[in-house]
**Q** 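Take this structure first; my questions come after.
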Amino acid sequence: MKDTTTTAEQAGGVRRTTRDLTKAAVSGWLGTAMEFMDFQLYSLAAAIVFNKIFFPDVSPAIGLIAAMATYGVGYVARLAGAVYFGRMGDRLGRKKVLTITILLMGASTTLIGVLPTYATIGILAPVLLVVLRLAQGFGAGAEIAGATVMLAEYAPTKRRGLVASLVSLGTNSGTLAASGLWAVLLAVLSEDQLLSWGWRLPFLLSFGLLLFAVWLRRNLKESPVFEERPDVVDGVAMSRREVETAVTKGADDDAGLLEAGLKQRKGKAFFLALGLRFGQAGNSGLIQTFLVGYIATELAAERSVPTDAIVYGSLLGFLTVPAIGMLGDRFGRRRMYLALTSLTALTAFPLMMLITSGSTPALMLGMVLGLNLGVLGLFALESVTMAELFGSRTRFTQLALAKEIGGVLATAIGPVLAASLTAATGSWWPIAAMLVVYSLITLVSALLSPETRGRDLVRLEDAA
């Protein structure tokens, strides 16, 4: 007998086999891994070499700020991509969008690997870098949101936190792959080799992964929740006018569900999700991006030390992420958010003291703990909680916007702000203070949020 699973116990006739769920899980994991590998490749390159090969005519400190700024512009494009592809995903389905976004991301990343440098074409080099970064960001703006929505809508209700956390494992896998590649390059190549051609290799190698990911997405079935939605007819969502007409004429159960969606007052759930996103996004930008460059340039540590720390932290994350997902299924999303954000805020200054202590083992321990507490653990919760907060009619769009606005406000601006504050103060304490502020924003949002565990994802209205 074929093993089957439904998206949720409430999801009526639309069924998916365990094989379908496995495909969705691998697709979500792989696409998100690609997104974070692409961005981590870029962020590490920005911190280690881009200031030298694309911005060579400025001081090291200004070069680092400029490189971080090019990293940040991608988040502006991500916002545009979230709006464009989010609406498409809510109206035409999740699968189509996920195929397009992964193509955009992968192609842009590969092309970064063939860019001429400043020494070859002058100012045009950083201009082209920004263009590709914008294209990369446009595709990525809906990638992780789409993967999150797809996995949450595929998962059985009682295991939704665990299954949806696989998206976070994708971020972890991508971070690990990118950091591992850079760690190898830094270990085996000389400075001249790295700056002349070695930096290109990670970007070019991502092409093979792109081909497999596109093939997998094309063979994936649509989200069962999307097909079960009462406002979807023949694979396309009805317009608001069509929904109003159906409510006026209808007298069945679907009419009641449609009416509930129409009466939903938008806004509260979105701002709660934005707050939940803020801590994870801000902490990620500081720990995975800024600290890598700060440790190498300001603390005068070996170039391989911060990348090795990210690798070790990512390896530990393969235990952290599913553990947090399972704990969220057992104890609820809200309770786990309160615990993780409190721990992150309380340990921010002690962890930065470890990182700046001058001891390499202490530095690595601080980075590993910070990554797992303040980034990966929160991401495991975010993957399911944000999907459960929103109704199915606008879930993709609202989730993508909450993620990307949070990214622009925290992840993109954070490293630039941290670089400026540490340069102005000559100290590390602004980094710790920013970690505390980011975590407290998420803590307050969790306090104000309803518990979403077990919610019927077919419902059209938001949870708050």
Side-chain angles (χ1 to χ4, degrees), residues 36 39-40 42-51 55 58-76 78 133 137 175 179 277-301 303 305-307 309-310 313 341 344-358 363-364 366-376 378-379 404-442:
F36 272 73
F39 273 65
Q40 187 70 359
Y42 190 100
S43 65
L44 289 172
I48 296 170
V49 298
F50 279 1
N51 59 324
F55 308 98
V58 294
S59 69
I62 298 299
L64 179 60
I65 293 174
M68 290 299 165
T70 63
Y71 170 78
V73 297
Y75 284 88
V76 178
R78 288 177 71 112
R133 176 67 173 155
T175 299
S179 301
R277 167 69 167 156
F278 212 89
Q280 188 279 330
N283 294 344
S284 176
L286 290 176
I287 295 171
Q288 294 179 261
T289 301
F290 175 73
L291 275 178
V292 173
Y294 181 81
I295 289 168
T297 58
E298 300 298 326
L299 302 184
R303 294 176 306 171
V305 170
T307 54
I310 296 295
T341 51
T344 304
L346 289 172
T347 58
F349 277 87
L351 289 179
M352 280 305 303
M353 291 174 69
L354 284 175
I355 290 170
T356 59
S357 65
L363 186 156
M364 288 192 168
M367 290 281 285
V368 167
L369 292 177
L371 179 63
N372 279 268
L373 276 178
V375 181
L376 298 178
L378 288 179
F379 217 145
E404 300 315 321
I405 290 175
V408 170
L409 294 177
T411 313
I413 296 174
V416 179
L417 179 61
S420 302
L421 289 176
T422 52
T425 62
S427 177
W428 54 264
W429 69 260
I431 306 170
M434 290 176 69
L435 289 171
V436 172
V437 171
Y438 287 149
S439 299
L440 290 180
I441 290 172
T442 294

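What you are looking at is a predicted structure, and each value in this text was computed from that prediction instead of being measured.
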**Q** Provide the closest heavy-atom pair for Pro306 versus Met367 in the form atom of the first, atom of the second, distance.
**A** O-CE, 4.2 Å
**Q** Where the side chain of Ser357 meets the backbone of Leu354, is there a donor-acceptor pair that is under 3.5 Å apart?
**A** yes
**Q** Atom CZ in Phe290, atom CG in Leu417: separation rounded to 0.5 Å?
**A** 9.5 Å
**Q** Which atoms form the tightest heavy-atom contact between Ile431 and Leu286, and what is the distance?
**A** O-CD1, 4.0 Å
**Q** What are the two closest non-hydrogen atoms of Gly370 and Ile287, and how far apart are they?
**A** O-CD1, 3.4 Å
**Q** Locate the shortest heavy-atom distance separating Gly406 from Ala281; write the atom from each residue and the value.
**A** O-CB, 4.0 Å
**Q** Are Leu291 and Met352 packed together at the side-chain level, in the sense that at least one heavy-atom pair is separated by less than 4.5 angstrom?
**A** yes
**Q** Flag the pair Ile355 / Trp428 as yes when at least one side-chain heavy-atom distance between them is below 4.5 Å, and no otherwise.
**A** no
**Q** In chain order, what residues pass the side-chain hydrogen bond (donor to acceptor under 3.5 Å, both in side chains) check against Gln280, with sequence neighbours excluded?
**A** Arg277
**Q** List the atom pairs, donor and acceptor, that lie under 3.5 Å between side-chain atoms in residues 432-440 and the rest of the protein, sequence neighbours left out.
**A**
{"from": "Ser439", "atom 1": "OG", "to": "Leu435", "atom 2": "O", "distance (Å)": "2.9"}

**Q** Would you mind reporting whether Thr347 and Leu369 have side-chain heavy atoms less than 4.5 Å apart?
**A** no
**Q** Tell me the closest heavy-atom pair linking Ile310 and Leu371, and the distance in Å.
**A** O-CD2, 4.0 Å
**Q** Specify the closest pair of heavy atoms between Gly374 and Thr344, including all atoms of both residues, with the distance to one decimal.
**A** CA-OG1, 3.6 Å
